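Working notes, beginning with the structure itself.
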Number of protein chains: 2
Amino acid sequence: MPPAPAGAPVAVFAALADPTRWQLLDLLAEADRSASALSRAVPVSRSAVLKHLAVLERAELVGRHRSGREVRFSVRPERLAATARWIEATAAAWDTRLAALRELAEGRSAPGNAG
Amino acid sequence: MPPAPAGAPVAVFAALADPTRWQLLDLLAEADRSASALSRAVPVSRSAVLKHLAVLERAELVGRHRSGREVRFSVRPERLAATARWIEATAAAWDTRLAALRELAEGRSAPGNAG
DNA sequence: TCGTTGTGCCACCTTACGGTTGCACATCAG
DNA sequence: CTGATGTGCAACCGTAAGGTGGCACAACGA
């Protein structure tokens with residue numbers, strides 16, 4: 001159990017914090033696409049799409065691979081799964097603290113041996 | 001299983017996308033504190049702390065309760081746990097798609113019966 | 001070859017975000 | 001009452017983020 005969320009995957013959260021980026025992830029979850037193809041499916045320009053893709057790539061949420069003259073992007077589920085696990089552990093840590101507090105409030109003056 | 005991440009908890013991700021906010025969550029995970037107390041523990045002003053808390057509160061990651069003239073803030077693990085579950089499901093959906101694709105690449109022309 | 005489509009990048013604009021200071025008002029301790 | 005501390009705003013500031021258009025060059029198709 002992680003005692004304290006010292007180094008949170010902030011880059012991943014930041015990447016996930018934009019609705020347009022989720023649109024792109026949505027599209028990429030269906031099928032790999034190029035930046036140009038994506039820009040035709042979302043209401044922003046290719047340049048904007050490219051920037052979003054760069055953010056997602058830095059967060060390791062998407063990958064790229066050439067296919068002829070095209071550059072296809074694809075989702076990377078592992079990073080997302082790892083983040084989910086990390087969050088879960090953090091939530092559990094919070095919960096543990098609150099449960100201990102609740103125990104005190106119950107009136108059980110000596111909850112075992114904690115100092 | 002969610003077929004597609006249509007409505008992602010973007011507010012939560014945005015709230016989690018700032019290191020200072022994580023500092024505050026860290027502190028609050030230890031014990032409930034007031035905005036003033038928090039501002040003494042982090043290198044930013046009380047106003048900045050207040051703004052961060054407002055963001056976290058909107059994302060339902062923290063809660064508040066008065067204690068005399070003070071307003072104490074506390075972490076809310078459920079929202080975080082729910083987000084973890086949501087991410088997990090999304091990652092699983094991505095993984096499923098990629099696994100199906102991989103199956104095709106394997107050469108198994110008829111992957112069971114999927115349409 | 002020539003047109004079309006895609007990439008890679010740059011300069012630019014606008015707004016939201018993280019941060020600050022400042023002040024009026026409430027509340028607790030002496 | 002008085003001082004100290006805390007809350008609740010509001011005004012303001014600098015920077016980065018999201019978005020745009022444009023252009024040169026590469027690669028595929030007829």
Side-chain angles (χ1 to χ4, degrees), chain A residues 5 7-28 30-75 79 83, chain B residues 5 7-28 30-75:
Chain A
V10 171
V12 175
F13 293 132
L16 262 28
D18 184 279
T20 301
R21 233 119 61 194
W22 272 108
Q23 264 191 73
L24 297 179
L25 289 175
D26 240 347
L27 261 355
L28 293 180
E30 292 173 13
D32 297 9
R33 280 175 230 252
S34 69
S36 297
L38 285 169
S39 73
R40 270 179 254 117
V42 299
V44 298
S45 70
R46 185 179 62 94
S47 288
V49 169
L50 234 13
K51 286 187 187 178
H52 284 304
L53 253 14
V55 172
L56 292 170
E57 210 176 357
R58 242 176 294 140
E60 297 183 86
L61 289 169
V62 308
R64 67 163 72 197
H65 57 276
R66 292 203 86 98
S67 176
R69 71 170 158 180
E70 286 192 346
V71 175
R72 297 290 250 299
F73 293 85
S74 54
V75 291
R79 222 32 76 174
T83 303
Chain B
V10 170
V12 175
F13 294 132
L16 262 27
D18 184 278
T20 301
R21 234 120 60 195
W22 273 108
Q23 261 189 75
L24 297 179
L25 289 175
D26 239 348
L27 261 355
L28 292 180
E30 291 173 14
D32 298 8
R33 280 174 231 251
S34 69
S36 297
L38 285 169
S39 72
R40 271 178 253 115
V42 299
V44 299
S45 71
R46 184 179 63 93
S47 286
V49 168
L50 233 13
K51 288 187 187 178
H52 283 303
L53 288 173
V55 172
L56 291 170
E57 210 177 357
R58 243 176 294 140
E60 298 183 86
L61 289 168
V62 308
R64 68 162 74 195
H65 57 277
R66 291 204 85 97
S67 176
R69 72 171 157 177
E70 288 192 344
V71 177
R72 298 288 252 298
F73 293 84
S74 54
V75 292

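Remember, it's a predicted structure, so these values are computed and weren't measured experimentally.
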What's the shortest heavy-atom distance between [X] and [Y], and which atoms?
{"X": "A:Ser67", "Y": "A:Arg72", "result": "OG-NH1, 3.6 Å"}
{"X": "A:Ala15", "Y": "A:Ala59", "result": "CB-CB, 3.7 Å"}
{"X": "B:Pro19", "Y": "B:Ala17", "result": "CD-O, 4.1 Å"}
{"X": "B:Ala14", "Y": "B:Arg21", "result": "O-NH2, 2.9 Å"}
{"X": "A:Ala35", "Y": "A:Leu50", "result": "CB-CD1, 3.6 Å"}
{"X": "B:Trp22", "Y": "A:Val10", "result": "CD1-CG2, 3.9 Å"}

Would you compute the distance between atom NE2 of B:His52 and atom CD of B:Glu57 and round it to the nearest 0.5 angstrom?
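It comes to 14.5 Å.
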
Between atom CG of A:Leu24 and atom CG of A:Leu61, what is the distance when rounded to the nearest 0.5 Å?
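A:Leu24 CG to A:Leu61 CG: 12.0 Å, rounded to 0.5 Å.
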
Using five base pairs at each end, measure the axis-to-axis angle across the helix from C:dT1-D:dA30 to C:dG30-D:dC1 and round it to 10 degrees.
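Both end axes considered, the difference amounts to 30°.
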
Side-chain heavy atoms of A:Gln23 within contact of A:Pro43, under 4.5 Å:
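Side chain of A:Gln23 against side chain of A:Pro43, heavy atoms only: contact under 4.5 Å found.
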
I want to check something: taking the side chain as every heavy atom from C-beta on, are B:Leu28 and B:Leu56 in contact at a cut-off of under 4.5 Å?
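The answer is no; the side chains never approach within 4.5 Å.
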
Got a sec, which pairs hit salt bridge (charged side-chain N to carboxylate O under 4.0 Å, His left out) with one end in residues 33-45 of chain A, sequence neighbours left out?
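Listed once each, the pairs are A:Glu30-A:Arg33.
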
Give me the residues of residues 48-57 of chain B where at least one heavy atom lies under 4.0 Å from an atom of DNA chain C, by number, or none.
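Within residues 48-57 of chain B, the residues near DNA chain C are B:Ala48, B:Lys51, B:His52.
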
For DNA chain C, which residues in residues 31-41 of chain A have a heavy atom at a distance below 4.0 Å?
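Hits under 4.0 Å, by residue number: A:Ser34, A:Ser36, A:Arg40.
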
Main-chain N/O of A:Ser39 paired to A:Arg46 side chain as donor or acceptor, under 3.5 Å:
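Answer holds: no.
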
Please tell me which of A:Pro43 and B:Ser47 maps to the more 5' nucleotide of DNA chain D, matching each residue to the nucleotide holding its nearest heavy atom.
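Whichever sits nearer the 5' end wins; that is B:Ser47.
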
Check: protein-nucleotides 13-15 of chain D nitrogen or oxygen pairs below 3.5 Å:
none

Grab the N/O contacts between the protein and nucleotides 25-30 of chain D below 3.5 Å, and write none if there aren't any.
residue, atom, partner, partner atom, Å
D:dA27, N3, A:Arg69, NH1, 3.0

For A:Val62, run the side-chain contact (heavy atoms from CB on, under 4.5 Å) check against A:Leu25, A:Val55, A:Asp32 and tell me which one passes.
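It is A:Leu25; the other options fail the test.
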
A:Asp18 CG to D:dG18 C1', straight-line distance once rounded to whole Å:
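Value for this atom pair: 7 Å.
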
Roughly how many Å is it from CZ in B:Phe73 to C1' in D:dG6, rounded to a whole number?
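Between C1' of D:dG6 and CZ of B:Phe73: 12 Å.
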
Does A:Arg46 make a side-chain donor-acceptor contact with the base of C:dG8, cut-off 3.5 Å?
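Yes.
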
For the side chain of A:Thr20 and the base of D:dG19, is some donor closer than 3.5 Å to an acceptor across the two?
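Side chain to base: no pair present.
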
Quick check on C:dT20: is either OP1 or OP2 less than 4.0 Å from any side-chain nitrogen or oxygen of B:Ser45?
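For B:Ser45, the contact criterion (side-chain N or O under 4.0 Å from OP1 or OP2 of C:dT20) is met.
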
Base, sugar-phosphate, or nothing: which does B:Arg72 touch, judged by heavy atoms less than 4.0 Å apart?
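If one applies the 4.0 Å heavy-atom cut-off, B:Arg72 turns out to touch nothing in the nucleic acid.
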
Working for side chain to side chain contact (heavy atoms under 4.5 Å, CB included), residues A:Phe13 and A:Thr83
CA-CA 9 Å; A:Phe13 293 132; A:Thr83 303; 3.8 Å; yes

